[in-house]
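Beneath this line is the structure, given in structure tokens, with notes to follow.
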Amino acid sequence: MTSQLVQSVDWLTIAPPVLTAAVALAVLVADLFVPPERKRLLGWTAIAGLTAALALLVPLRAGDRSTFCLTPDTRVTACSYTADHFTLVVQLLVLGGALLTALLSLDETRERLPADGKPSPREPLPAGEYWFLLLSSAAGAALLPASRDLATLVVALEVASLPAFALVGLRRGDRRSGEAALKFFLSSVTATAVTLLGASFVYAATGTLHLTEIAQRLDEVPGQLQTLAEAGVALTLVGFAFKTAAVPFHFWVPDTYVGAPLPVAAYLSVVGKAVGFTGLILVAVVAFPSYADVWGPALAVLAALTMTAGNVAALRQSSTRAWSAVRLLAWSSVAQAGYLLVPIAAAAYSSDDQIGATVAYALMYAVVNLGAFAVVVLVARVRPRNRIEDYRGLYAASPAAALALAFFLLNLAGLPPGIIGLFAKVTVFSAAVDAGLGWLAVVMALNVVIALYYYLRWTALLFRTPEGAPEEAPGEVPAGARGEGPAGAPAGTRKGSAALHRPSAPVTLAIALTAAAGAVLSGYPQFALRFATTTLF
């Protein structure tokens with residue numbers, strides 16, 4: 001009996017998250033010995049580690065490996081870690097997103113010396129802590145799609161989430177950053193408590209934590225435990241709905257994105273969202289298929305509410321309000337979460353293949369949203385308040401940045417030349433129609449029309465004639481004080497946007513990579529869907 005309980009670990013299978021975690025620890029220890037002037041090496045070490053973790057996905061491309069499995073005498077083959085195609089595509093998304101975030105973060109952790117020799121009013125982020133937290137969160141995010149039992153799933157979820165709280169509040173002395181971290185922390189802790197309570201109920205009713213065994217045993221739950229099982233399923237799904245920022249669990253998003261460092265906001269909008277949706281897919285489709293008649297309609301209603309609330313709030317953003325560009329992207333991400341929920345709801349009415357539409361849409365969204373945030377990071381060097389109005393005439397100052405941002409926004413809107421954005425929305429729309437959810441398809445179509453207005457309004461602003469800068473809000477630090485351009489100069493003028501002509505190499509590389517990926521996917525959009533629909537379990 002003892003020989004059956006001792007298993008060999010398939011180290012190659014678990015290599016991507018393990019390597020990411022190992023590099024996180026190495027960076028934390030190295031921070032103790034690296035002199036301040038060489039802290040930039042920690043960032044490049046993190047980038048190298050994430051690149052290596054991505055490369056380790058190649059040997060696993062067959063999608064047929066697993067480890068930490070139950071002994072052979074059980075009724076169902078169940079493993080705690082499975083590297084199937086679904087796992088690999090989500091790991092590609094989260095590790096790639098973390099890599100692009102790391103490129104955007106290099107300047108945030110580097111001391112910027114102003115041209116006038118005065119000390120910078122904004123301190124750089126502490127390099128050692130920042131890179132350790134980012135890599136730790138990425139390791140948890142990479143572990144989550146491979147998790148096939150509730151215990152590992154919850155642990156992975158928290159490993160991805162806990163460092164993110166600290167990343168949001170890492171700006172010392174910044175009131176908005178502290179407030180954003182507190183709101184994010186409170187909402188996530190509530191979600192975790194609800195998820196754990198639901199998981200404990202499910203375990204009490206079924207006697208197992210493995211997802212495939214739960215799916216089988218939920219059909220055999222004794223009558224006296226039926227209510228307990230139903231409550232466990234409901235609470236677990238509600239907990240993951242918090243993580244996806246679905247309405248009404250979305251209230252933390254705009255303030256968190258505004259208060260967080262911009263690269264962290266970009267990370268949360270893509271990797272954080274991928275973590276929530278991956279967990280929701282695993283528990284709903286893999287563990288609770290017998291309750292599809294309950295969670296299917298619930299997720300359909302959540303999808304309609306989420307996309308509508310997100311788009312209406314984004315529509316109401318004033319272009320002259322401080323940080324309105326970041327707020328618009330935050331509310332846009334809420335709306336996009338509604339679109340991502342549609343195929344999951346559709347899977348309850350038809351087949352699990354509908355999940356491929358969510359994966360394909362997530363791939364598109366990750367590429368173009370990270371690209372949009374990369375341009376926002378670039379403009380923020382000159383215009384720290386990041387109003388939408390600050391992008392007026394960006395094409396005159398930096399044609400490449402303006403064209404890239406226009407391409408990303410059109411993709412998010414689903415308009416040509418952003419073919420991949422249009423293709424992804426059509427795919428999600430088709431999933432709703434094929435599942436018989438005609439009313440949800442109509443709601444989605446109306447929301448797409450609403451979103452066109454605010455995406456096109458921002459895009460048109462990029463190509464307008466530059467005008468004088470709006471008056472700075474009280475307490476705003478002039479751009480000239482940071483050595484990033486003359487004080488008060490607007491981002492739309494050549495004088496005020498000098499920094500846009502000389503962006504740092506990492507930010508330029510991040511914009512180029514996302515633009516190139518978007519262009520390739522627009523030229524061959526079937527690749528995203530074909531790659532995604534062959535991933536599932």
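Numbering starts at 1 and runs along the sequence shown.
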> Can you find a heavy atom in the side chain of Val159 that is under 4.5 Å from one in the side chain of Leu143?
Replying inline: no
> What is the distance from atom CG of Leu446 to atom CE of Met444, rounded to the nearest 0.5 Å?
Replying inline: 11.5 Å
> Do Phe86 and Thr278 touch side chain to side chain, with heavy atoms closer than 4.5 Å?
Replying inline: yes
> Do Tyr81 and Thr13 have side-chain N/O donor and acceptor atoms under 3.5 Å apart?
Replying inline: no
>> Is the shortest side-chain heavy-atom distance between Val294 and Val233 below 4.5 Å?
In response: no
>> Within this structure, what is the CG-CG distance for the pair Leu134 and Leu167, rounded to the nearest 0.5 Å?
In response: 6.0 Å
> Taking all atoms of both residues into account, what is the closest heavy-atom pair of Leu50 and Ala102, and its distance?
Replying inline: CD1-CB, 4.2 Å
> With a 4.5 Å limit on heavy-atom distance, are the side chains of Trp331 and Pro254 in contact?
Replying inline: yes
>> Checking the side chain of Thr20 only, and the main-chain atoms of Leu135 only, is there a donor and an acceptor separated by less than 3.5 Å?
In response: no
>> I'd like to know if the side chain of Tyr267 pairs up with that of Ser137 as donor and acceptor (distance under 3.5 Å, no hydrogens or angles considered).
In response: yes
>> What verdict does the side-chain contact (heavy atoms from CB on, under 4.5 Å) test give for Asn447 and Tyr339, after you've listed the backbone C-alpha separation in whole Å, the side-chain angles of each residue and the deciding distance to 0.1 Å?
In response: CA-CA 10 Å; Asn447 275 278; Tyr339 302 144; 3.8 Å; yes
>> Before you tell me yes or no, could you show the steps for Arg65 and Asp84 under salt bridge (charged side-chain N to carboxylate O under 4.0 Å, His left out), namely the whole-Å CA-CA distance, both residues' side-chain angles and the distance that decides it to 0.1 Å?
In response: CA-CA 7 Å; Arg65 304 175 77 110; Asp84 55 15; over 6 Å; no
>> Can a donor-acceptor pair be found, under 3.5 Å and without considering hydrogens, that links the side chain of Lys273 to the backbone of Ser333?
In response: yes
> CG/Leu509 to CG/Leu104 distance, rounded to the nearest 0.5 angstrom?
Replying inline: 9.5 Å
>> Could you walk me through whether Val264 and Tyr130 satisfy the side-chain contact (heavy atoms from CB on, under 4.5 Å) test, starting with their C-alpha distance in whole Å, then the side-chain angles of each, then the deciding distance to 0.1 Å, before giving a yes or no?
In response: CA-CA 10 Å; Val264 176; Tyr130 182 86; 3.8 Å; yes
> For Ala441 and Phe429, which heavy atoms make the closest approach, and how far apart are they?
Replying inline: O-CE1, 3.1 Å
> Considering residues at least two apart in sequence or located in another chain, which fulfil the side chain to side chain donor-acceptor pair (under 3.5 Å) criterion with Tyr257?
Replying inline: none
>> If we ignore hydrogens and angles and just use 3.5 Å, is the side chain of Lys425 paired with the main-chain N or O of Tyr361 as donor and acceptor?
In response: no
> Is the backbone N or O of Ile214 less than 3.5 Å from a side-chain atom of Thr208, with the two atoms forming a donor-acceptor pair by type?
Replying inline: no
>> Whether the Glu213 and Thr206 side chains hold a donor-acceptor pair (N or O, under 3.5 Å, no angle test) is what I'd like checked.
In response: no
>> Looking at every heavy atom in both Val94 and Ala274, which two are closest together, and how far apart are they?
In response: CG1-CB, 4.0 Å
> Hey, does the side chain of Thr152 reach the backbone of Arg148 with a donor-acceptor pair shorter than 3.5 angstrom?
Replying inline: no
> Once you round to the nearest 0.5 Å, how far does OG1 of Thr82 lie from CG of Leu88?
Replying inline: 11.0 Å
> CG of Leu329 to CZ of Phe373: how many Å apart, nearest 0.5 Å?
Replying inline: 4.5 Å
> In Å and rounded to the nearest 0.5 Å, what is the CD1 to OG1 distance from Ile281 to Thr358?
Replying inline: 5.5 Å
> Are any non-hydrogen side-chain atoms of Leu521 and Met364 less than 4.5 angstrom apart?
Replying inline: no
>> Quick one: does any side-chain atom of Thr244 pair with a main-chain N or O of Ala241 as donor and acceptor, under 3.5 Å?
In response: yes
> In terms of side-chain heavy atoms, does Tyr454 have a donor or acceptor partner in Asn311 at a distance below 3.5 Å?
Replying inline: yes
> So, do Tyr391 and Val376 sit near enough that their side-chain heavy atoms are less than 4.5 Å apart?
Replying inline: yes
> Going by atom types alone, do Asn411 and Tyr365 pair a side-chain donor with an acceptor below 3.5 Å?
Replying inline: no
> Is there side-chain contact between Phe184 and Leu268, with at least one heavy-atom pair below 4.5 Å?
Replying inline: yes
> Taking all atoms of both residues into account, what is the closest heavy-atom pair of Ile14 and Pro17, and its distance?
Replying inline: O-CD, 3.3 Å
> What's the verdict on side-chain contact (heavy atoms from CB on, under 4.5 Å) for Leu410 and Phe407, showing C-alpha distance, side-chain angles and the deciding distance?
Replying inline: CA-CA 5 Å; Leu410 291 175; Phe407 176 66; 5.9 Å; no
>> Could you check whether any side-chain N or O of His85 sits under 3.5 Å from a backbone N or O of Arg61, counting only pairs where one atom can act as donor and the other as acceptor?
In response: yes
> Would Thr514 and Val368 satisfy side-chain contact (heavy atoms from CB on, under 4.5 Å), going step by step from the backbone distance to the final call?
Replying inline: CA-CA 7 Å; Thr514 50; Val368 298; over 6 Å; no
> With distance as the sole test, does Thr308 use its side chain to make a donor-acceptor pair with the main-chain N or O of Leu305 at under 3.5 Å?
Replying inline: no
>> Give me the atom names and distance for the closest heavy-atom approach of Ala53 to Leu19.
In response: N-CD2, 3.7 Å
> Take atom CZ in Phe251; do more than 12 heavy atoms of anything else shown fall under 6.0 Å from it?
Replying inline: yes
>> So which atom in Ala229 and which in Tyr291 form the shortest heavy-atom distance, rounded to 0.1 Å?
In response: CB-OH, 3.9 Å
> Looking only at atom types and distance, does a side-chain atom of Gln317 sit under 3.5 Å from a main-chain N or O of Ala313, one as donor and one as acceptor?
Replying inline: yes
> Quick one: does Ser332's side chain have a donor or acceptor within less than 3.5 Å of a partner on Leu328's backbone?
Replying inline: no
> Can you check whether Phe185 and Phe165 have ring centres sitting under 6.0 Å from each other?
Replying inline: yes
>> Could you check whether any side-chain heavy atom of Tyr203 comes within less than 4.5 Å of a side-chain heavy atom of Leu150, counting everything from C-beta outward?
In response: no
